[in-house]
Protein chains: 2
Amino acid sequence: MTEFPGLSIAAVERDTGLSKDTLRVWERRYGFPKPLRDIFGERLYSAAEVDKLRCIKRLLDQGFRPSKLIDSSTEELTKLLESPRDAVAGIRELPSELASILDLVKLHRSDALRGLLTQTLMKHGLQQFVAAIAAPLNQRIGEAWMRGEIGVTEEHLYTELLQNTLRSAINAYPIHGLRPKVLLTTLPGEEHSLGLLMAEAMLVPEGARCVSLGIQTPLSDILLAARSGEVDVVALSFSAAYPVRHAVEGLTSLRGLLPEATALWAGGEGVRGRQRSLPNTRVIEGIDDTLAALREWRTARLDN
Amino acid sequence: MTEFPGLSIAAVERDTGLSKDTLRVWERRYGFPKPLRDIFGERLYSAAEVDKLRCIKRLLDQGFRPSKLIDSSTEELTKLLESPRDAVAGIRELPSELASILDLVKLHRSDALRGLLTQTLMKHGLQQFVAAIAAPLNQRIGEAWMRGEIGVTEEHLYTELLQNTLRSAINAYPIHGLRPKVLLTTLPGEEHSLGLLMAEAMLVPEGARCVSLGIQTPLSDILLAARSGEVDVVALSFSAAYPVRHAVEGLTSLRGLLPEATALWAGGEGVRGRQRSLPNTRVIEGIDDTLAALREWRTARLDN
DNA sequence: GTCAACGTTTTGTCCTGGACAATATCGCCA
DNA sequence: TGGCGATATTGTCCAGGACAAAACGTTGAC
């Protein structure tokens, strides 16, 4: 490896998501980061500094304040990232925004809805937004549709706009980590993609490397992709509408064909409470449980 | 509607792709843009300024220099954008990027692919990206899939990532204009959503107000939405896989049921060359034709 | 006339250091 | 315990200076 000189401030902005202004003001106030300068006084950030900045950014998104983090070492920060994840499960009463969104859906106020979704996402961060807003909302919308309170149009509109919001946020994450590499998709016949998208939204901020294939990938192609791509986890989503029998059959046969080292996760209403029928498969009970599954995978990997 | 005060510099950066630094230095050097200031001296850009900036950015991407453009009116810039698109921007050497993207798809390099898509989009602007990159690429991928050169996995991966990229860009447009209000969807049975997304991506930068319902909206619900929502145009997308007979039948019956004042557009491979069978429906031949259809609607509206 | 080399202009990005709005945190009192 | 000002923290904005990289224009040799 040739000694690399360092990253420019623009590169660090892209890689960490911290604005140039923020990087400069931190240096002024806290003395970190303290990048070298090139011949002409421009900042050159080291790889170590960028790593630490990435950790800090992630903790920031979880509600920590910069001053509490900036003096810690990268190791301490990493530990903090892994262990005490109550922050996400914490604050749990956001019914006001939830109701507002639901109202806008019923009124077809698509512009306002788009704005409110984005705004709510910004305010709570991606994971909180998914866990506390999007997931409950999906359920409400589904119920309302069953009761005939809302029509197909409203449900479609909501799905589209939520998809835009989530995909924007996912796409904006500068670096999708390394391990585990998670392959996300659904079996043929499953029409719903929101579950997949929500799972991806939970995983990406944790530094998991997500590869989504969207819905309806044939079993043989899932296997092919999992084998050729050095995939650590195959994650499938099943909506309430998916026949349980198909889900269990598909998962069992997939489990038999996948390499033993590859984990298999199954989530969504369609498999809720089916852990007993699915040995060697991790059934994810509710969107929060995604993070638990991830933590389990990581600790298991440390022991080996 | 309440009079909106203006956009902050951060909003304009997101909206136009011009950095804050660039915006400030242009103001200093050229005297444009010259935004108002709020109580506390912060810039507030008007909608007109942002429109002009968008034009300039697009021309910049085509090889013009700022100093030659900055004194022209928005009308002159628009004319420049429309007429000599192929003459000046004869720089149609996009096959290199196209080939790179195709290679990355084949190699499953999802992270690199994501980066390249975003980067290419930034470089060419949303509309150019769709017309010159995304649309041809779709065709290539489709052909390669038919010939067995690529598998389901690759095609799914490509679709997902392109969707992320386009939805991010669409979602980033802060103000979706006012007229025409366009309702985008597909008839039941259509599985492909990329055509819809590309159409939306072409329309949104033109100031059309797009409401997408995603795929597979029943005819009755399309009618309901069109009537209740004061929709000017209903736009449907048909992939090559969609049975022509169904398309023609669906469109004909929809045309009969929609108010006369509501325009009906149909696009995609599935209806290409079918204008003769579809009176009072505007068949959109190719993605570029979307803009022509929009222009027609607007001039027709002026005459009335 | 073509093309390479070199000086000039244009243009985007980076710099410093100051300021302030928005938000979080703390201390107080009911 | 819970509301509510005071205070501290933090991100973003501003001005104006500077310079590297790229585009442009000119010259001269072949």
Side-chain angles (χ1 to χ4, degrees), chain A residues 5-45 49 53 56-72 87 90-91 93 97 119-125 128 172, chain B residues 5-45 49 53 56-72 88-89 91 119 122-123:
Chain A
L7 295 175
S8 73
I9 195 170
V12 176
E13 175 179 35
R14 269 210 329 270
D15 281 8
T16 63
L18 296 164
S19 77
K20 297 187 184 88
D21 276 323
T22 301
L23 289 167
R24 284 193 276 254
V25 92
W26 281 7
E27 183 179 342
R28 202 197 312 172
R29 287 187 187 143
Y30 310 124
F32 177 88
K34 195 111 195 171
L36 299 175
R37 302 301 181 109
D38 66 7
I39 311 291
F40 222 81
E42 310 206 338
R43 293 171 172 81
L44 287 181
Y45 293 85
E49 281 174 324
L53 285 170
I56 293 178
K57 175 57 159 65
R58 231 185 271 167
L59 287 163
L60 236 60
D61 289 341
Q62 290 180 20
F64 289 85
R65 317 275 328 249
S67 57
K68 315 276 178 159
L69 301 171
I70 209 126
D71 289 326
S72 310
I91 316 155
E93 23 96 22
E97 280 153 326
Q119 191 186 321
T120 311
L121 170 60
M122 291 296 190
K123 183 169 158 200
H124 294 95
Q128 281 275 358
Chain B
L7 294 176
S8 74
I9 194 170
V12 177
E13 174 179 35
R14 272 209 323 271
D15 197 17
T16 62
L18 297 163
S19 77
K20 298 186 184 86
D21 276 324
T22 301
L23 289 167
R24 283 194 277 252
V25 93
W26 281 8
E27 184 178 340
R28 200 197 314 169
R29 286 186 187 145
Y30 311 123
F32 178 87
K34 197 111 194 170
L36 299 176
R37 302 302 181 109
D38 66 7
I39 311 290
F40 224 81
E42 310 207 338
R43 293 171 173 80
L44 285 180
Y45 294 85
E49 281 173 324
L53 286 170
I56 293 178
K57 175 57 161 61
R58 238 188 269 165
L59 287 162
L60 234 61
D61 290 343
Q62 290 181 19
F64 288 86
R65 318 276 325 252
S67 57
K68 315 275 177 162
L69 302 170
I70 209 123
D71 289 327
S72 309
V88 176
I91 324 165
Q119 192 185 322
M122 291 295 190
K123 183 170 156 199

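When reading the values below, keep in mind they use all heavy atoms of this one structure, side chains included, and skip hydrogens, waters and symmetry mates. Not measured: the values here are computed from a predicted model.
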- State, yes or no, whether a side-chain contact exists between B:Phe32 and B:Leu53 at a heavy-atom distance under 4.5 Å. yes

- Task: Determine: side-chain N/O of A:Ser8 to OP1/OP2 of C:dT13, distance under 4.0 Å, yes or no.
- Result: no

- Evaluate the side-chain proximity of A:Ile9 to A:Arg24: yes if any heavy-atom separation is below 4.5 Å, no if none is. yes

- Item | Nearest-0.5 Å distance that lies between atom NZ in B:Lys20 and atom OG in B:Ser8 | 8.5 Å

- Query: Hey, which of these two, A:Pro66 or B:Val25, hits DNA chain D nearer its 5' end, going by closest nucleotide?
  - Reply: A:Pro66

- Message: Considering every strand and a 4.0 Å limit on heavy-atom distances, what is the contact class for A:Leu60: base, sugar-phosphate, or nothing?
- Response: sugar-phosphate

- Item | From OG1 (B:Thr16) to CZ (B:Arg58), nearest 0.5 Å | 12.0 Å

- Tightest non-hydrogen contact, residues B:Leu44 and B:Glu49, listed as O-OE1, 4.4 Å

- Message: Please classify the nucleic acid contact of A:Arg24 as base, sugar-phosphate, or nothing, using heavy-atom distances under 4.0 Å.
- Response: base

- Message: Nearest whole Å is fine: how far is C:dT23 P from A:Arg65 CZ?
- Response: 12 Å

- Message: From CG of B:Asp71 over to P of C:dT10, roughly how many Å is that when rounded to an integer?
- Response: 13 Å

- Among residues 26-36 of chain A, which contact DNA chain D at a heavy-atom distance under 4.0 Å? A:Trp26, A:Arg29, A:Tyr30

- Query: Nearest-Å distance, NZ (B:Lys57) to C1' (C:dT11)?
  - Reply: 14 Å

- Message: Whole angstroms only, please: what is the CZ-P distance between A:Arg37 and C:dT13?
- Response: 19 Å

- Query: Which heavy-atom pair separates A:Glu13 from A:Leu23 by the least distance, and what is that distance?
  - Reply: N-CD1, 4.3 Å

- Query: Contact boundaries of DNA chain D with chain A (under 4.0 Å, heavy atoms), 5' to 3'?
  - Reply: D:dT9 to D:dA20

- Note on the structure: A:Phe40 atom CZ is separated from C:dT16 atom C1', nearest whole Å, by 14 Å

- Spatial distance of atom CZ (B:Arg29) from atom OG1 (B:Thr22) [nearest 0.5 Å]: 9.0 Å

- To the nearest 0.5 angstrom, please state how far the CG atom of A:Leu60 sits from the CZ atom of A:Arg65. 9.0 Å

- Task: Could you pick out which residue, B:Ile9 or A:Lys68, lies toward the 5' side of DNA chain D when each is mapped onto its nearest nucleotide?
- Result: A:Lys68

- Within the pair B:Thr22 and C:dT13, is there a side-chain N or O less than 4.0 Å away from OP1 or OP2? yes

- Note on the structure: Between B:Ser67 and B:Glu42, the residue closer to the 5' end of DNA chain C by nearest nucleotide is B:Ser67

- For the atom pair CZ (B:Arg43) and CG (B:Leu36), what is the distance rounded to the nearest 0.5 Å? 12.0 Å

- Query: A:Lys20 NZ to C:dC14 C1': how many Å, rounded?
  - Reply: 9 Å

- Message: For B:Leu18 versus B:Lys57, what's the shortest heavy-atom pair and its separation?
- Response: CD2-CD, 3.9 Å

- Message: Looking at every heavy atom in both A:Pro35 and A:Glu27, which two are closest together, and how far apart are they?
- Response: CD-OE1, 3.6 Å

- Query: Can you find a heavy atom in the side chain of A:Ile56 that is under 4.5 Å from one in the side chain of A:Trp26?
  - Reply: yes

- Item | Terminal axes of the helix from C:dG1-D:dC30 to C:dA30-D:dT1 (five pairs each): angle between them, nearest 10 degrees | 30°

